[in-house]
Amino acid sequence: MENREPLLDVKNLKQFFKISKKYTVKAVNGVSFNIFPGETYGLVGESGSGKSTIGRSIIRLYDPTAGHITFDGVDISGKLSAEEEQHLRINMQMIFQDPMASLNPRRKVLDIIAQGLDVHHLFTSKKEREEKVYQILEKVGLSREHATRYPHQFSGGQRQRIGIARALIMNPKLIIADEAISALDVSIQAQVVNLMKEIQQETNIAFLFIAHDLSMVKYISDRIGVLHLGYLLETGTKEEIFSNPIHPYTRSLLSAIPLSNPRVEKHRTSESYDYETSGIDYAKGESQHIGGSHYVHATAEELKSWVSPR
Amino acid sequence: MTDEKKVDQTTSKKVDQMTSKEKILSISDLSISFKTALGSVDAIRGVNLDLHRGETLAVVGESGSGKSVTMKAVMGILSSNGVVNSGKIDFNYSDAGEEMAVDILTLSKKYMRSHINGKHIAMIFQDPMTSLNPTMTIGAQIMEGMIWHKKANKREAKKRALELLELVGITDAEKRMKNYPHQLSGGMRQRVVIAIALACNPDLLICDEPTTALDVTIQAKILELIKDIQREMNISVIYITHDLGVVAKVADYVAVMYAGKIVEKGTVDEVFYDPRHPYTWGLLSAMPDLDTFDDKLYTIPGSPPNLSHKVEGDAFASRNIYALNIDKRLEPPMFKITETHYAATWLLHENAPKVEMPSALKERIDRMLKEANENGE
C-alpha cells in the first residue's frame, strides 16, 4: 500500500468563506488525506462539519483558500490551464444527494447522460453517442428503453442509477458521492451500494464517499475520515476506526449508531460530546500517528489523556 | 347536528380486561383509496392495530407502503382526494377529567382541529425547518397551541413554554424564546418541534421519521429525549420509520407494512429475533450491521406493486422466493403465532411446506442474541 502513488492527495486544505468584513466562516481548516486508485474513502461528520465543502473544493466548485490538492499527478489547487481543467472535468465526477434535484426534468435520460460527452466532444457520430449511453445504462441496471424517458418517470432508486450512469460515462478515475444514498429507502440503498461496489471491482474507480450514516460508510469504505468543525479529527482504515477509536468525538459518533438489536440497544445510551465544554482546542492540535494509517488530530497531552485510561 | 353530539361519551374507563391495560387507539379494518387522474389507488387495504397507554409502536415499511397515510388518517389530515372505504379508528382520551371514546373517522375536520389535533394527538414531522413557521419566534409558536386549545393566558403559557424548553434540553430558554427558527441548528429546531407537540399534554404522539433529517449524534439524543418524556408523562408514541436501528432503540411493538397492509406485527423481540414473514426477513437482511463484511448486501428483488391495479393474492408474492402457488390466488390472512405475534404469509399455514428463514439472517440473529446475553440480559 505504501508504494503506490495516491490518486488524490489533499494537503492542508483550507476553505474559508468571507461573509462580511469581520466574519469569515472557516468551513475546512487544514485537512489532509489521500485516496489510492480503486479505494473508497468515507468522510463522515455532522452537518456543518465541512464534509460537503471538501468534496466541492476538490472538484473545484470552490477555489481553495490554501493547501494543495494533487490529482493524478497534477496540482489542481491553483489556477488551472485549459488542459488541466479538461483533465480534471473528465476524470473526476460527482454524484449528488437528491437525484430529482440534480437531473434536469426537461431533458430525456439519453441527453442527461450524454451531456458530458457533448461538452468534451467525445464521440464521432450520433450512433456512437447513443451506443455509449446504452452500454452505461445496462451497466447500472437499466435498459435502453429507459433512454427516451424523463427523470420523473423513474423511481428514486432508478433516478440515482441515472446519476451514477452520468458520472460513469466519462470513465472517471475518481467519483465523489456526496450523500448519494441518504435520500433512498433502506432496501434501495442496498441496491445502489452493491452497484457502486460492483462497478469499483470492474473498473478500479476510487470513491470519495461523503455520508453521515456510519453503518453504511463502514460497509462501503476501506478507510474513513472523521470530520468535525472543519478539522479532520481521526482517519484510518475502518478496522482501526471502529475497533480502536481514540478521539472522544469519534467515540461519541460510534456510540450514537443505533444497532438493530433491541435487547442491546434498549440499554445503551450514547456518549455525549460537547466541544465547547470539553476543553479541547482543535486549533492547537496536530496530526498524531497512532499506527498503520491511523492518525488522530490532537495535542500530545490530549492524546496521552485519551489513550492512558484504557 | 352539532359536532359535540357526534361524540358518544362514556364515563366508564375503557380498560382491557385481559391485560388491564388501557387501550388508547384501536384501528380496525381501515382501508383508504386515493382518486387520481390514473384511477383509484388502494393505498391502505385493511389495517388492524392496537395501542395501549404508555406504549411505543413502530410502523416500518418502504416508501409507499402506507405507513404515513395510516397515521394521517389517525390525525384526520388525509389529502382531499383520499376516500375512506371502510374501517374504524377508535381513540380514547380524557378531556377535563371526562373519559371520551370517539371514532375519528366520523368526526369533521373542524372538530378534529379544535378538539383533537394538537390537544390529544400531536405529531412530529421529519423536517423541523418546514414544520416551523419562519416568521414567528419559537416562543410564540410554543405558546400558540396552549392559548388556542387550553384558553391559557399569556403569562401561564409563557411559564409553561419555558418549562417545556428546559424539558427538551434547550439551555437559556428565556433568550431562546425570542429566537426565530433559522437562528437554531437542526437538532435544536427538532427539540422545539417536540416542545410544541408536548405543549398541551397529548395522549398520543405520532413521530413521522423524526430523526431522518438529523445527524447520528443528534438522532440518538432526540430519541432518548422522546423516550424520557414518554416515561415521565405516560403518553403513547407511534414512530413511522424505515430505520430498524431506531425501531430497536425505542419500540415496544413493531408493525411491518407492505403495499397497504400489515404483514407482520409483534413485540420488538418477536419481530427482530423470530421474524416469520419473508418480507421482514428481507428488511432485516438488507440492513448493514456493523459486523457485516460480506461482499454484497442482501437486496429484496423487484419493486413494490403498483397499487392502482387490483392486487391478486399476496402482494409480496412476485418478490418472494418462497412464494407458494396459493400466494398468486389468495391473500393470506393474519396467522397467529403467539398472543402478540401475527404474520400474514401462507408459509404459516399448517399444510405449507416447512420454510426456514435464510441462514445468513439466522446466523445474524444468533449473534445478536449472544451479544445481548453477554451484556447481562
Side-chain angles (χ1 to χ4, degrees), chain A residues 44-49 51 155-158 182-198 201 211-220 228 238-239 242-243 249-274, chain B residues 60-64 185-187 211-221 223-224 242-251 254 267-269 271-273 282-290 292-300 303-304 364-365 367-369 371-377:
Chain A
V44 291
E46 57 186 32
S47 39
S49 62
K51 51 190 195 304
S155 68
Q158 285 176 321
S182 311
L184 306 174
D185 262 343
V186 198
S187 55
I188 313 286
Q189 276 187 359
Q191 289 176 12
V192 173
V193 165
N194 281 345
L195 174 69
M196 286 168 71
K197 277 204 153 184
E198 268 169 46
Q201 270 156 17
H212 65 258
D213 178 356
L214 273 155
S215 47
M216 212 37 112
V217 168
K218 179 179 182 195
Y219 176 70
I220 196 170
H228 190 219
K238 63 180 168 192
E239 290 83 10
F242 274 79
S243 58
Y249 180 71
T250 315
R251 293 158 57 93
S252 93
L253 204 59
L254 295 185
S255 78
I257 310 172
L259 304 171
S260 59
N261 189 347
R263 284 188 200 164
V264 175
E265 188 57 39
K266 284 254 156 69
H267 299 282
R268 228 169 49 117
T269 44
S270 54
E271 275 178 50
S272 59
Y273 176 79
D274 187 0
Chain B
V60 286
E62 293 172 78
S63 20
S185 67
T211 56
T212 312
L214 305 176
D215 296 319
V216 261
T217 41
I218 300 158
Q219 165 175 312
K221 289 274 159 322
L223 293 176
E224 280 157 23
H242 61 245
D243 187 337
L244 292 169
V246 171
V247 177
K249 193 176 180 74
V250 298
V254 183
T267 65
V268 69
D269 275 21
V271 173
F272 273 78
Y273 300 131
L283 269 190
L284 289 172
S285 309
M287 194 150 129
D289 71 359
L290 293 175
T292 308
F293 281 107
D294 311 343
D295 270 355
K296 265 192 155 183
L297 285 174
Y298 177 83
T299 58
I300 304 169
S303 49
R364 189 196 279 200
I365 289 173
R367 203 170 56 224
M368 291 195 323
L369 280 170
E371 200 184 326
N373 287 333
E374 280 165 8
N375 286 6
E377 270 286 316

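Scope of the values below: all heavy atoms of this structure, side chains included, with no hydrogens, waters or symmetry mates.
Under the side chain to side chain donor-acceptor pair (under 3.5 Å) criterion, B/D269 pairs with A/R263, not counting sequence neighbours. Take B/A248 and apply the side chain to side chain contact (heavy atoms under 4.5 Å, CB included) test, not counting sequence neighbours, and it matches A/P262, A/E265, B/F272.
Looking at A/S272, the atoms closer than 4.5 Å to chain B (heavy atoms on both sides) sit in the backbone and in the side chain alike. Proximity to chain B (any heavy atom under 4.5 Å) is restricted, for A/E271, to the backbone atoms N, CA, C and O. Looking at B/Q219, only its side chain comes within 4.5 Å of chain A, counting heavy atoms on both sides. Using a 4.5 Å cut-off between heavy atoms, B/V271 does not touch chain A at all. With a threshold of 4.5 angstrom between heavy atoms, B/Y273 approaches chain A through side-chain atoms but not through N, CA, C or O.
The CG atom of A/L259 sits 9.5 Å away from the CE atom of B/M368 when rounded to the nearest 0.5 Å. Rounding to the nearest 0.5 angstrom, the gap separating the NZ atom in B/K249 from the CD1 atom in A/I257 is 11.5 Å. Expressed to the nearest 0.5 Å, how far OG of A/S215 lies from CG of B/L244 amounts to 10.5 Å.
With chain A as the partner, the residue from B/A251, B/A286, B/G282 showing the most heavy-atom pairs under 4.5 Å is B/A251.
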Does the pair B/R367 and A/N261 meet the rule for a side-chain contact (heavy atoms from CB on, under 4.5 Å), with working shown? CA-CA 10 Å; B/R367 203 170 56 224; A/N261 189 347; over 6 Å; no

